[in-house]
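Notes follow once the structure below has been shown.
Throughout, protein chains are lettered first and strands after them, A, B, ... in sequence-line order, and every chain is numbered starting at 1. If you're wondering where the values come from, they're calculated on a predicted model, not measured in any experiment.
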Amino acid sequence: MSEETIASIQLPDPVQLIVSNSPHIRGGETISKIMVHVLVALAPAAAAAIWFFGFAALQVMVLCTVGCVAVEEIWNKCAGRKPTWKDGSAALTGLLLAMNLSAGAPWWICILGALLAIGLGKQIFGGLGFNPFNPALVARVALLIGFPQLMTSWVVPNPGNFAACDALTGATPLGASGEAVASLSNLFIGNVGGCLGETSALALLIGGFYLLIKKLIKWQVPAAFIGTVALISAVVHHFNPDLTQPALYHILAGGLLIGAFFMATDMVTSPMTANGALIFGFGCGLITSVIRIWGGYPEGVSFSILFMNALTPLIDRSTIGKPFGYIRIKKEKD
Amino acid sequence: MTIILTSLIFAALLGAILAVVIGAAAKAFAVEIDPRIETVTDMLPGANCGGCGYAGCADFGKAIVENGVPPSQCPVASAKDAGRIAEYLGMKAEEKEKVIAVVKCSGGISTTERSPYNGVNDCRSAVLVAGGAKGCDYGCIGFASCARACPFDAIEIRDGLAVVHPDLCVGCGKCVDTCPKNLIVLVPASVDVHVYCNSPEKGPVKRKVCKTACIACRKCVKAADNEDQMIIKGFLIETNYDNPPISDLVEKTGCPTTALRLASKHAAGAYEGVSK
Amino acid sequence: MSPKTHKFKGGVHPDDSKRLSASKAVVDAPLLDKYTVIVHQNIGAPPEVVVEKGDEVKKGDLLAKAAGFVSVPLHAPTSGTVTAIDKCEGPTGIRVPSIEITADGEDTWGDCMTPIADWQQAEPADLKQRVSDAGVVGMGGAGFPAHVKLSPQKPINTLILNGAECEPYLTADHRLMLEQAEDVVLGAAILARILGLETAIIGVENNKPDAIAALEKVAGKYNVQVQGLPVNYPQGAEKQLIYALTGREVPIGGLPMDVGCVVQNVASAVAVADAVVKGRPLIERITTVTGEPLVNPGNWRFRLGTPVSKAIELAGGVKYQPAKLLLGGPMMGFAQSSLDVTVMKNTSGILLIPAEQVSLYTSEPCIRCGKCVQVCPMDILPATISQAVENERFDWAAQLNVLACIECGSCSYVCPSHRPLNQHFKRAKAEIMAARRKEQKK
């Protein structure tokens with residue numbers, strides 16, 4: 001071919017032309033970009049945690065994140081798979097796990113949590129994309145059941161004081177007694193004991209809206225989740241104020257916000273369809289409310305999300321929409 | 001003490017009742033099975049390859065006992081095993097010629113022109129894109145659809161080319177339908193000489209994209225003991241499996257493109273490299 | 001007909017990159033020494049070759065005649081000698097039968113069909129016969145014989161001309177509508193007469209305001225409507241276009257005629273106008289030769305059988321090695337591994353894509369982000385179907401309505417895991433159709 005052409009005109013070399021199926025161009029979305037966006041969305045909450053709990057919080061976050069990435073890579077090595085740390089999913093799991101721990105968590109809890117999250121929660125099922133349950137929540141629940149004392153004693157917040165503070169408190173904003181232990185404004189800002197990521201509602205909302213704007217999460221999940229909790233707690237509080245706190249308190253306290261925006265919306269373990277996301281959010285809200293108000297545990301967000309994770313394939317299957325042009329076919333058959 | 005006693009009595013009673021119920025159910029819903037089916041199934045290889053045309057060994061065992069299907073229909077069982085089954089059932093033992101699969105292509109990555117392909121690594125998917133990205137429209141794509149289908153691991157992908165190991169292949173034929181280029185044929189296992197090319201194109205066209213294509217030079221036809229042993233089909237030569245040549249034909253011919261090969265040597269890798 | 005358009009669900013917004021060639025006027029490609037015309041340029045039966053090696057042909061002479069109803073004849077792109085009837089590289093990577101014509105340089109027309117000047121009085125059946133004789137096919141990409149679409153078995157009340165050209169990079173239809181607006185409208189009017197309709201709608205994406213203006217200027221002459229459409233890929237897909245303009249949903253596995261519509265590409269309409277008014281068969285078409293690696297992208301009017309290598313030469317060659325060569329647009333076009341492929345009736349574009357624009361497919365696991373579900377214009381679940389196909393569960397894929405897929409590629413475009421979703425669907429469709437054929441044989 002090339003001999004025939006005039007010297008100045010250059011033709012492409014056909015041997016180097018890649019053949020592949022259409023489409024031949026792609027929008028720039030990648031897994032790691034998505035993960036980085038979620039990490040960015042978590043940044044305000046992480047900053048708030050450091051502000052209120054000092055360097056102890058930072059230590060927990062670093063331990064969990066590095067632990068998760070390390071466990072993932074060791075697992076990959078043993079299983080003969082390619083390294084996957086670059087996709088950022090292990091780091092995200094680590095940070096989410098840290099958000100579920102107290103600032104006073106000892107180092108070995110963090111490492112054990114990383115092992116549980118990546119090993120038991122993710123890799124045992126085949127790695128990213130195949131895990132039925134949210135890995136960070138698997139670790140959190142396993143630790144909660146294994147070490148109930150450790151997992152429910154919180155560091156007293158000490159805003160702006162970054163030095164380690166050891167004062168522990170067992171008081172949870174959602175105590176079984178149903179009494180408010182913190183003011184609404186403190187709950188909103190985060191000046192309250194609890195897990196790293198459970199405290200500052202403001203920071204979580206900023207991150208949540210970032211995710212919504214970036215269209216990385218389906219709005220249906222947090223809307224249905226928070227809406228259901230608000231509705232149930234409002235109704236119960238209206239009829240029996242002694243039993244539980246008002247709706248706003250339920251929204252701001254505990255892990256509802258981080259659960260609704262960051263945990264329940266985990267792509268791998270939540271439904272793909274829009275209607276499925278609504279059902280998923282509603283189910284999470286219902287179970288959370290039942291556990292919070294009538295259950296034995298003060299907090300039910302993680303259990304509810306894990307439970308709904310298990311139902312995700314069923315929800316997905318039952319909410320498959322009718323494709324474009326389907327209605328007519330059905331009419332003809334009838 | 002009483003608690004232990006009560007629970008013991010309760011457990012014993014419950015057990016007794018359930019035993020009666022289960023026993024009754026087993027009688028009521030019993031299915032009559034010819035005990036010979038199980039024996040025959042046990043005597044079959046248990047590979048569940050489906051090469052016999054039935055859904056696994058148990059189904060085939062049932063067919064043997066109930067419908068008198070000859071046990072020799074199993075491609076895996078040796079003649080002796082089939083004979084034992086026939087003897088057990090009092091059937092007449094039938095001899096069936098053993099067959100093996102041959103992938104009629106010798107164009108590996110080093111001997112053919114290919115474009116860089118990007119997509120699903122499966123032959124049946126790859127063939128939908130630019131016909132398989134290989135210079136030759138008829139050659140092996142090398143994405144192992146046949147190898148994955150083989151229950152006996154008898155197909156190896158070597159240099160981007162599917163190669164059947166004749167000693168491992170039992171001729172079940174599972175691979176035949178997986179090949180989108182229809183390259184795989186079942187031939188008598190006793191024949192070792194095959195033409196590893198399937199392209200009906202003219203010689204120069206084939207040679208341009210593949211160094212080991214059969215160019216129908218007829219050297220092998222002339223070298224054969226009998227003119228009839230190799231059949232000329234357009235621009236392609238094929239072994240006549242009804243009147244097969246003996247193995248020394250390859251040596252006698254000295255095929256200029258090495259498309260004429262022995263299955264045993266092809267699999268052993270004796271032809272690796274490019275013909276001069 | 002309501003003037004407002006309907007928005008179909010989903011779709012993507014790739015960078016259209018039309019600026020490379022949108023302002024370049026169509027140039028007639030110079031006559032070549034040799035044309036290699038691929039015989040089978042239409043969906044349906046391949047036409048029967050009626051010439052032999054050594055035959056003298058004039059421009060527009062019959063090379064192959066239609067073999068059956070769903071088939072179209074093929075005509076000589078120039079005058080000269082038939083020097084070979086052989087095989088050449090086809091657009092799908094498989095070598096296909098072709099006719100090689102060595103030009104005599106005279107480029108003289110043969111005995112053409114007589115022009116039907118008073119088409120407004122002509123019998124619709126005669127006009128339809130003319131469309132069929134001229135070898136007109138859907139020139140947007142599919143290559144479906146035009147006269148078959150004009151012979152609907154169901155009542156038709158809407159004729160739609162597809163000028164959406166939603167594929168990025170391509171500007172052939174854009175230039176055609178701009179420069180030959182009158183021919184487009186004339187073709188629309190002829191097509192409407194064949195179908196017994198008073199009017200036709202031309203749907204054009206709003207990113208071509210100059211084309212819309214040009215069409216609107218002449219549309220009144222033949223009572224044709226021009227409708228701007230929102231820019232949303234795949235706006236030009238037949239089913240989506242019908243929905244956008246009429247709000248009707250073509251049933252899965254159905255045809256536009258099931259909802260009373262006929263859709264023709266604008267380039268086909270011009271070919272129809274040429275065939276009727278000038279008596280010219282379809283032997284040339286406007287093709288966009290574009291892509292960042294090219295020195296001088298633009299739009300040319302190529303004779304059928306022009307090799308891609310000559311087209312790239314016309315565009316000044318390449319500045320650097322492209323990663324892919326495509327026939328058609330980047331979303332649905334076919335990747336080529338040879339420069340010997342020739343321009344066919346449905347070659348709307350010859351596109352060279354640089355390496356930095358090509359992100360390779362990797363079969364990373366699906367992270368179930370659901371983006372494919374959001375963008376799918378047919379509202380099926382690409383992620384789930386691709387998993388079904390990976391496990392070779394084609395029955396399951398069929399249940400998930402993979403046959404509804406129009407292979408627009410929107411799902412693969414957005415997939416963050418770079419999964420080859422579209423290829424999975426093609427495979428599933430091929431396997432399901434093969435299984436059904438097998439079933440029918442039994």
Original post:
Quick one: CD1 on I25(A) to CG on D15(C), what's the gap to the nearest 0.5 Å?
Top reply: 7.5 Å
Original post:
Taking all atoms of both residues into account, what is the closest heavy-atom pair of F324(A) and D379(C), and its distance?
Top reply: N-CB, 4.0 Å
Original post:
Does any N or O in the side chain of H24(A) come within less than 3.5 Å of the main-chain N or O of M331(C), such that one atom is a donor and the other an acceptor?
Top reply: no
Subject >> Option in C415(C), S410(C), G409(C), G254(C) with maximal non-hydrogen atom pairs under 4.5 Å from chain A >> reply: G409(C)
**OP:** Name the option with the most non-hydrogen atom pairs under 4.5 Å to chain C; the candidates are T273(A), V268(A), I217(A).
**Re:** V268(A)
Subject >> Atom group of P168(C) that falls short of 4.5 Å from chain A, counting heavy atoms >> reply: side chain
Original post:
By a 4.5 Å heavy-atom criterion (distance strictly below it), what part of K215(A) contacts chain C: side chain, backbone, both, or neither?
Top reply: backbone
Original post:
Roughly how far apart are R317(A) CZ and L381(C) CG, rounded to 0.5 Å?
Top reply: 11.0 Å
**OP:** Flag the one option from C411(C), S337(C), G328(C) with the top tally of heavy-atom pairs under 4.5 Å to chain A.
**Re:** S337(C)
**OP:** Taking N422(C) for its side chain and S22(A) for its backbone only, find out whether a donor-acceptor pair lies under 3.5 Å.
**Re:** yes
**OP:** To the nearest 0.5 Å, tell me how far N21(A) CG sits from E407(C) CD.
**Re:** 7.5 Å
Original post:
Where do P23(A) and Y361(C) come nearest, in terms of heavy atoms and distance?
Top reply: O-OH, 2.6 Å
**OP:** Return yes if some donor-acceptor pair links the side-chain N/O of R368(C) with the main-chain N/O of S270(A) below 3.5 Å, else return no.
**Re:** yes
**OP:** Please determine, among Q240(C), M332(C), H13(C), K319(C), the option with the most heavy-atom pairs under 4.5 Å with chain A.
**Re:** M332(C)
Original post:
Got a donor-acceptor contact below 3.5 angstrom from the R26(A) side chain to the S412(C) backbone?
Top reply: yes
Original post:
For the atom pair OG1 (T384(C)) and CE (M272(A)), what is the distance rounded to the nearest 0.5 Å?
Top reply: 3.5 Å
**OP:** Select one option (side chain, backbone, both, neither) describing which atoms of C372(C) are under 4.5 Å from chain A's heavy atoms.
**Re:** neither
Original post:
Side chain, backbone, both or neither: which part of P330(C) has an atom under 4.5 Å from a heavy atom of chain A?
Top reply: both
Original post:
Which atom names give the shortest non-hydrogen contact between F130(A) and P365(C), and what distance separates them?
Top reply: CE1-CB, 3.6 Å
**OP:** For F303(A), look at atom CZ and say whether over 12 heavy atoms of other residues, nucleotides or ligands are found less than 6.0 Å away.
**Re:** yes
Original post:
Can you tell which of G317(C), G329(C), G93(C), C369(C) has the highest number of heavy-atom pairs within less than 4.5 Å of chain A?
Top reply: C369(C)
Subject >> Which portion of Q336(C) sits near chain A, non-hydrogen atoms under 4.5 angstrom >> reply: backbone
Original post:
What pair of heavy atoms forms the shortest contact from I367(C) to M267(A), and how long is it?
Top reply: O-CB, 3.3 Å
Subject >> Exceeds 12 heavy-atom contacts within 6.0 angstrom, atom NZ of K214(A) >> reply: no
Original post:
Is K9(C) atom NZ crowded by more than 12 heavy atoms from other residues, nucleotides or ligands, each under 6.0 Å away?
Top reply: yes
**OP:** Tell me, out of Q374(C), K371(C), Q357(C), who's got the most heavy-atom pairs with chain A below 4.5 Å.
**Re:** K371(C)
Subject >> F125(A) CZ: over 12 foreign heavy atoms closer than 6.0 Å >> reply: yes
**OP:** Please tell me if the side chains of L339(C) and P12(A) come closer than 4.5 Å, counting only heavy atoms from C-beta onward.
**Re:** yes
Original post:
Under a 4.5 Å cut-off applied to non-hydrogen side-chain atoms, are H418(C) and T30(A) in contact?
Top reply: yes
Original post:
Where the side chain of Q321(C) meets the backbone of D13(A), is there a donor-acceptor pair that is under 3.5 Å apart?
Top reply: yes
Original post:
With a 4.5 angstrom heavy-atom cut-off, which part of I34(A) approaches chain C: side chain, backbone, both or neither?
Top reply: side chain
**OP:** Can you tell which part of L352(C) gets under 4.5 Å to a heavy atom of chain A, answering side chain, backbone, both or neither?
**Re:** side chain
Original post:
What part of C366(C) gets closer than 4.5 Å to chain A, counting heavy atoms only: side chain, backbone, both or neither?
Top reply: backbone
Original post:
What closest approach, in Å, do P322(C) and L17(A) show between heavy atoms, and which atom pair accounts for it?
Top reply: O-CD2, 3.8 Å
**OP:** Return the option, out of G333(C), P420(C), P293(C), with the maximum number of heavy-atom pairs under 4.5 Å with chain A.
**Re:** G333(C)
Original post:
Is there a donor-acceptor contact under 3.5 Å from the side chain of E249(C) to the main chain of G325(A)?
Top reply: yes
Original post:
So, for I31(A) and S417(C), which heavy atoms are closest and what is the spacing to 0.1 Å?
Top reply: CD1-OG, 3.2 Å
**OP:** Using the side chain to side chain contact (heavy atoms under 4.5 Å, CB included) rule, pick out the option among V373(C), L400(C), I380(C), N401(C) that qualifies with I320(A).
**Re:** L400(C)
